[in-house]
Amino acid sequence: MAVNATRIAVAALVLLGAAACGIPVAGVAVPVTVVPQAPVTSTATVAVPAPVYVQPPVSVPPRETAEASTVIAYYDALNRRDFATAWSLGGSRIAGGGGYAKYVNGFATTSWDTLTVTDVRGSTVYVVLSAAQTDGTTRTFSGTYTVSGGVIVGSHMTRTR
């Protein structure tokens with residue numbers, strides 16, 4: 001009987017000690033005081049991250065040629081909205097007249113182009129193009145680009161969808 005009393009006394013002392021130290025013990029309520037803190041305000045300026053440009057998905061035949069690279073670079077420039085580069089890569093030759101401003105305006109409703117190079121024969125690059133529009137639709141084209149001296153000198157594209 002004295003052993004049980006001793007065990008109870010030791011357990012009570014452990015619980016009291018734990019409670020006094022602020023250590024929660026299962027089954028024993030420990031009072032907690034919460035001190036509210038004043039709200040923190042900041043006048044720091046947070047920099048908005050710059051948009052990240054992701055390389056457009058491009059499929060190239062096993063043997064990538066300079067001609068295919070030129071057409072890929074052209075669509076890469078269009079996707080980056082770098083119309084001056086696209087113009088110099090051959091946009092000026094395939095624009096169909098009307099000048100640079102009309103050329104740029106022709107891409108106003110295009111949000112992204114996905115190009116697939118299906119074949120290259122000499123200076124002719126065969127492609128399939130999916131042009132995502134700003135209204136959520138997609139226009140699909142297929143055709144060819146003719147490249148000479150690192151510049152697109154001709155194109156024949158047909159809308160398929």
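Nothing fancy with the numbering, it's 1 onward along the sequence.
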Minimum-distance pair of heavy atoms, taken over all atoms of [X] and [Y]:
{"X": "Gly97", "Y": "Lys102", "answer": "O-CD, 3.9 Å"}
{"X": "Ser142", "Y": "Thr160", "answer": "OG-CG2, 3.6 Å"}
{"X": "Ala86", "Y": "Ala77", "answer": "N-CB, 3.8 Å"}
{"X": "Ala131", "Y": "Phe141", "answer": "CB-CE1, 4.3 Å"}

Does [Y] offer a backbone N or O that forms a donor-acceptor pair with the side chain of [X] under 3.5 Å?
{"X": "Ser130", "Y": "Thr114", "value": "no"}
{"X": "Arg159", "Y": "Arg161", "value": "yes"}
{"X": "Ser69", "Y": "Thr65", "value": "yes"}
{"X": "Ser155", "Y": "Ile94", "value": "no"}
{"X": "Asn79", "Y": "Asp113", "value": "yes"}
{"X": "Thr70", "Y": "Ala66", "value": "yes"}

*asked:* Evaluate Glu67 against Ser123 for side chain to side chain donor-acceptor pair (under 3.5 Å), listing each step before the verdict.
replied: CA-CA 6 Å; Glu67 291 79 8; Ser123 62; over 6 Å; no

How long is the straight-line distance from [atom2] of [Y] back to [atom1] of [X], given to the nearest 0.5 Å?
{"X": "His156", "Y": "Tyr126", "atom1": "NE2", "atom2": "OH", "result": "10.5 Å"}
{"X": "Leu78", "Y": "Leu115", "atom1": "CG", "atom2": "CG", "result": "10.0 Å"}
{"X": "Ile72", "Y": "Leu89", "atom1": "CD1", "atom2": "CG", "result": "12.0 Å"}

If hydrophobic clusters are built by linking Ile, Leu, Val, Met, Phe, Trp and Tyr wherever their side-chain heavy atoms come under 4.5 Å apart, do [X] and [Y] end up in the same one?
{"X": "Val128", "Y": "Met157", "value": "no"}
{"X": "Val151", "Y": "Tyr145", "value": "no"}
{"X": "Trp87", "Y": "Val104", "value": "yes"}
{"X": "Phe107", "Y": "Tyr100", "value": "yes"}

_Which residue in the set Val71, Val153, Ile152 passes side chain to side chain contact (heavy atoms under 4.5 Å, CB included) when paired with Thr146?_
Val153

*Criterion side chain to side chain contact (heavy atoms under 4.5 Å, CB included) on Tyr75 and Leu129, from CA distance to verdict*: CA-CA 10 Å; Tyr75 278 98; Leu129 173 68; 3.4 Å; yes

*For the pair Phe83 and Tyr103, name the ring-plane relationship: parallel under 30°, tilted 30 to 60°, perpendicular over 60°.*
perpendicular

